[in-house]
Amino acid sequence: TYFLFNINISNSLDISYLLFYSFSFLMFFFFYLTGDKLVIYPILIISILFYQLVMLGVFLFHISDLESNSIGVLSFLLSYFSVITFKKSSKKMIRVIAQISLVLNIIMILVSNSRTSLFALITVYLCYLFWSLIKRRTTLLTGIVIIMSILFVNYYISLSNTYQGIRMNDIVREYTGKNLFSGRQLLWKDAINEVLYTDNYLSGMGNNTVLYSAVTNLGYLHNSFVQIFYNLGVIGLILFVLFLLFMANHFKNSNTIDQKVSFSFFIGIIIMQNFEGFLINPFPNAISTFGWIILGLLSGKKVTKSTMLDENVRIQHSPFMGIPSK
C-alpha cells in the first residue's frame, strides 16, 4: 500500500505502472493463500517447451540478440518448479520430466552467462544441503543475508576505485569474461546521492520518479534494495525488510520437503536482488510479476494431505499415544 501511494506529485503519473504492480501484489497474495496446486505442473510443462525452443534457437540458429541476464533470471525462477515437482511427485514419468526440465534450466543459466543466477542457484543448493542446521534459524539467516546485501552496496561502491578493486576486477574478468564493476557502482552512487542531496531519505523520490544519470536513463538500478531506497526511502526499505522477515518466519522449524526447497529458493531470490532487482522495476515486465508469484508460492503456509499423513503417523508412533490429556 505504501509503495502504490508513495507518489511524487511533481511528476506525471503512469496509471499502467500502478496497475501492473497492483496486479503483481494481488498475484502474490492469491498464491500465498491458495498454494501451488493450480500452477506447479502447468508451469513445469511450459518451462520445458520454452527452453526447448530457446535452446534450438541459440544453438542451431545462433540467435545472439537475447537478453542474457533475463534468460538467466527466468531460468533460475523456473528451476524452482522443476525441483519442487521432482521432490513432491510420486509418479516416475513426472519425476523424469522434472529432471529434464531442471537440466535445461541449469544449461540455460550457464549459456546465458548470468553470474547472478548461477550464484543464486549455488546458494539454493547450499541452503538445501545444510537445512538441518538452519531450519530453526530461518528468520535470523534471512536477516543476516539482508544486512550483508545492504552493506555490500556500500562496499561495492567504495571498492571500485581502489587498487584492491582493480585487482579483483581483473581476476573476475579473466575467469568469467565480464567485469566485476560493470557500471552498477556508479548507478547506485548516483541514486543514493540524489536521495541524500534532496533530503528525501525518509520517503524517497516517489515511485513515479526515474533516475537519469550519466550511466543510464532507464531508471532500472539492478538492485532492489537501492531501488526501494531511491523510490521509497528509509520507510520503504524498512517495510520491505520486515516483509521479507515475515515470510522467512513461516519456514521456521519446518520439516516438509516443499518448505525445505522453498526456503532455499527464497534465500536465492534475495541474493539475486543484489544485481538483478526484478522485484521492483520502474518498467513493468513479466519477470517482476513472475517473481511475486514465486514469492507467494514459497511463503504460503498450507496444510496438504502428505503433511497431515506425516503428522498422523508421528502421533500413532508416539510413546504417549493413548494417554488422555489433562
Side-chain angles (χ1 to χ4, degrees), residues 1-3 21 24-40 43 76-89 120-121 123-150 224-225 228 236-274 277-280 288-315:
T1 303
Y2 174 74
F3 172 83
Y21 270 106
S24 298
F25 297 153
L26 285 175
M27 287 295 96
F28 165 82
F29 285 113
F30 174 78
F31 287 104
Y32 176 82
L33 296 173
T34 61
D36 58 12
K37 295 183 180 298
L38 301 176
V39 75
I40 286 294
I43 290 293
F76 171 80
L77 294 176
L78 288 175
S79 63
Y80 165 73
F81 296 96
S82 304
V83 176
I84 198 69
T85 302
F86 176 79
K87 289 295 184 180
K88 294 179 66 174
S89 178
L121 192 63
T123 301
V124 169
Y125 175 73
L126 292 176
C127 288
Y128 183 84
L129 192 63
F130 295 103
W131 174 250
S132 59
L133 299 177
I134 64 178
K135 65 181 181 180
R136 295 181 179 86
R137 306 174 181 86
T138 55
T139 307
L140 175 62
L141 177 61
T142 302
I144 292 174
V145 171
I146 293 172
I147 292 174
M148 291 180 64
S149 297
I150 295 175
S224 284
F225 299 101
I228 290 173
L237 193 58
I238 291 175
L239 290 174
F240 183 63
V241 170
L242 291 176
F243 177 71
L244 294 177
L245 294 177
F246 167 77
M247 288 190 288
N249 193 58
H250 286 181
F251 298 100
K252 186 176 292 185
N253 295 322
S254 299
N255 291 313
T256 59
I257 194 67
D258 58 333
Q259 291 209 317
K260 179 179 178 180
V261 172
S262 296
F263 179 76
S264 301
F265 273 89
F266 175 70
I267 293 296
I269 288 177
I270 296 178
I271 292 292
M272 185 172 282
Q273 300 313 299
N274 286 285
F278 56 84
L279 290 179
I280 299 295
S288 294
T289 301
F290 197 55
W292 284 106
I293 291 175
I294 293 287
L295 284 180
L297 290 170
L298 297 185
S299 58
K301 295 189 69 174
K302 51 192 178 299
V303 179
T304 62
K305 291 182 179 179
S306 61
T307 56
M308 292 174 63
L309 180 61
D310 292 340
E311 181 66 16
N312 290 334
V313 171
R314 186 187 66 81
I315 293 175

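If you read the sequence from its start, that first residue is 1, and numbering goes on from there. Here the structure is a predicted model, which is why all the values come from computation and not from measurement. Scope of the values below: all heavy atoms of this structure, side chains included, with no hydrogens, waters or symmetry mates.
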Roughly how far apart are L244 CG and L279 CG, rounded to 0.5 Å? 8.0 Å

Atom CG in L297, atom OG1 in T34: separation rounded to 0.5 Å? 7.5 Å

How would you list, by chain and number, every residue that makes a side chain to side chain contact (heavy atoms under 4.5 Å, CB included) with Y125, sequence neighbours excluded? L129

Evaluation steps, side chain to side chain contact (heavy atoms under 4.5 Å, CB included), between F3 and L239: CA-CA 10 Å; F3 172 83; L239 290 174; over 6 Å; no

Check whether N249 reaches the backbone of F246 with its side chain - one donor and one acceptor, N or O, closer than 3.5 Å. no

Within-4.5 Å side-chain heavy-atom neighbours: M272 and F278: yes

Value rounded to 0.5 Å, distance of CG in L242 from CG in L237: 10.0 Å

Are the side chains of L77 and I269 in contact, using a 4.5 Å heavy-atom criterion? yes

Spacing of OG1 belonging to T138 relative to CD1 belonging to I267, to within rounding of 0.5 Å: 8.5 Å

With rounding to the nearest 0.5 angstrom, report the CD1 to OG distance, I294 to S299. 11.0 Å

Sub-3.5 Å donor-acceptor pair from the side chain of T123 to the main-chain atoms of G268, do we have one? no

Do you know which of F290, F265, F266 makes ring-ring contact (aromatic ring centres under 6.0 Å, His included) with Y80? F265

Can we call the ring centroids of H250 and Y32 under 6.0 Å apart? yes

Can you tell me how far apart CD1 (I144) and CZ (R137) are? Round to the nearest 0.5 Å. 10.0 Å

Test: K260 cationic atom under 6.0 Å from Y128 six-membered ring centre, within 45° of axis: yes

Should F225 and I270 count as side-chain neighbours, where that means a heavy-atom distance under 4.5 Å? yes

Aromatic contact, F28 with F243 (centres under 6.0 Å): yes

Who are the side chain to side chain contact (heavy atoms under 4.5 Å, CB included) partners of S24, not counting sequence neighbours? F20, Y21, T289, W292

By side chain to side chain contact (heavy atoms under 4.5 Å, CB included), V241 pairs with (sequence neighbours left out) I146, L245

